[in-house]
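Values below: every heavy atom of this structure, side chains too, minus hydrogens, waters and symmetry copies.
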Amino acid sequence: MSCPSATLVVWTSAWLHGAAAADDVLDALQIWAELHEVVADDDGTATALDLPGPDEMPVAPALLLAALRRTQAGDGRLVLPVAGDVRGLGGNGPLSATALRAGQAVVLPEAGLGIVPRLVADQVIRWTVFDLPEILPPEHIPLGEAEHALAGAMREAASALVDLDVARHRPNVRKEIESVMAAQPVPAWPDGMPPRSLRVLQRATEVAAILEVAAGDAPGGAMSASSTRKREEALRPLSDAVRRARLAAVEEAVRVLGEHANKSR
């Protein structure tokens, strides 16, 4: 699946380039939760952006967009941190720690900001805005390279199901995968979203569904510690391919949408 941060990155980039309206950004977020709210992580960031601090009443995301406009924020980047890889988050600090727990973040280098979503109640997502302590060049992941790796991951994921004997223990594994796919939100994207990015995001969702099923235990089943470790080792590189594919697809979408908007001016 995609994630709230990917939606915010793509739509805010389109909006900042004049290729989408502010209401379009807010509407696109609704697929992830009915209510979105915004706070700053510390009082200094709150004062600089005219947003509430951590102990104040959150505000609507429209005020976040207004703050981004005032700071002349440029294109955003999606970050999907995992243990051992928090690149793009400016080193160790509150932003990295919070993003690692959430598994996602939005980084706006030109504005010096990072934004992390967190589900705080049923159908309520709170976006916390952080100061980006250090701005480093992003890791560029060519979309073609990521797509090729993902195609290999799809084959390896299917092979892993066989090697791990998932099908024998779970005869309805295909239905489980279909069920996981059907439960994923289907985000809306701006006009002009590159088809290749959409294709890669969809394939990433398919592989992620396979991995989710492969990583789970059969109902009523139990695995030995060695079997569990073997399964984790088999699936880890496939999860990395999915993560890199999503990052590359979003990066390409931001680039293409920005170029199209600039050419139309």
Side-chain angles (χ1 to χ4, degrees), residues 1-17 19-71 73 75-81 89 94-108 111-132 179-191 193 201 205 208-209 212 246 250 253-254 257:
M1 61 179 288
S2 185
C3 62
S5 292
T7 296
L8 187 64
V9 166
V10 173
W11 277 99
T12 54
S13 294
W15 168 68
L16 289 166
H17 281 287
D23 284 347
D24 296 330
V25 182
L26 303 179
D27 289 345
L29 292 174
Q30 293 303 300
I31 193 169
W32 300 109
E34 294 176 3
L35 178 64
H36 293 259
E37 55 186 39
V38 178
V39 296
D41 177 64
D42 62 88
D43 292 334
T45 302
T47 300
L49 299 177
D50 196 19
L51 292 174
D55 299 321
E56 297 179 296
M57 185 70 68
V59 294
L63 294 182
L64 171 61
L65 297 185
L68 296 183
R69 181 71 79 187
R70 288 194 302 272
T71 61
D75 289 337
R77 297 202 311 260
L78 174 65
V79 181
L80 300 174
L89 295 171
L95 172 58
S96 292
T98 306
L100 187 57
R101 287 194 296 270
Q104 59 180 293
V106 176
V107 171
L108 297 149
L113 300 173
I115 311 172
V116 181
R118 179 170 63 96
L119 191 67
V120 295
D122 184 37
Q123 290 296 314
V124 181
I125 288 179
R126 177 173 298 168
W127 298 83
T128 302
V129 186
F130 296 80
D131 178 61
L132 185 62
S179 178
V180 170
M181 288 284 295
Q184 306 305 320
V186 182
W189 300 107
D191 292 338
M193 183 77 170
L201 287 171
T205 297
E212 181 175 334
R246 287 171 171 160
V250 169
V254 168
L257 290 168

Please check: side-chain N/O of [X] versus main-chain N/O of [Y], any donor-acceptor pairing under 3.5 Å?
X    : Y    : value
T12  : L8   : yes
H36  : V124 : no
Q123 : E34  : yes
Q30  : D27  : no
W11  : A188 : yes

Return the minimal non-hydrogen interatomic distance between [X] and [Y], and the atom names on each side.
X    : Y    : result
D131 : G112 : OD1-O, 3.6 Å
A6   : L78  : N-CD1, 3.7 Å
L257 : D191 : CD2-O, 3.5 Å
V10  : P190 : CG1-CD, 3.6 Å
S5   : V106 : O-CG2, 3.5 Å
G76  : S13  : N-OG, 3.3 Å

Heavy-atom check, side chain of [X] versus side chain of [Y], under 4.5 Å:
X    : Y    : result
M181 : T205 : yes
L119 : W32  : no
L80  : R246 : yes
F130 : I115 : no
I125 : L35  : no
R126 : V38  : no
L26  : L65  : yes
P4   : W127 : yes

Let me confirm one number: the [atom1]-[atom2] distance from [X] to [Y], rounded to the nearest 0.5 Å.
X    : Y    : atom1 : atom2 : value
L68  : L63  : CG    : CG    : 11.0 Å
R118 : T98  : CZ    : OG1   : 8.5 Å
L95  : L132 : CG    : CG    : 6.5 Å
L113 : D41  : CG    : CG    : 11.5 Å
L89  : L100 : CG    : CG    : 8.5 Å
E212 : Q184 : CD    : CD    : 6.5 Å

Test the R69-W15 pair against the cation-pi criterion, namely NZ or CZ under 6.0 angstrom from the six-membered ring centroid and within 45° of the ring axis.
->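 So R69 does make the cation-pi contact.
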Side chain to side chain contact (heavy atoms under 4.5 Å, CB included) between L64 and E37, intermediate numbers included = CA-CA 9 Å; L64 171 61; E37 55 186 39; over 6 Å; no
Let me see the working for T45 and L51 under side chain to side chain contact (heavy atoms under 4.5 Å, CB included), right down to the final yes or no.
-> CA-CA 8 Å; T45 302; L51 292 174; over 6 Å; no
Check step by step if side chain to side chain contact (heavy atoms under 4.5 Å, CB included) holds for R101 and V116.
-> CA-CA 10 Å; R101 287 194 296 270; V116 181; over 6 Å; no
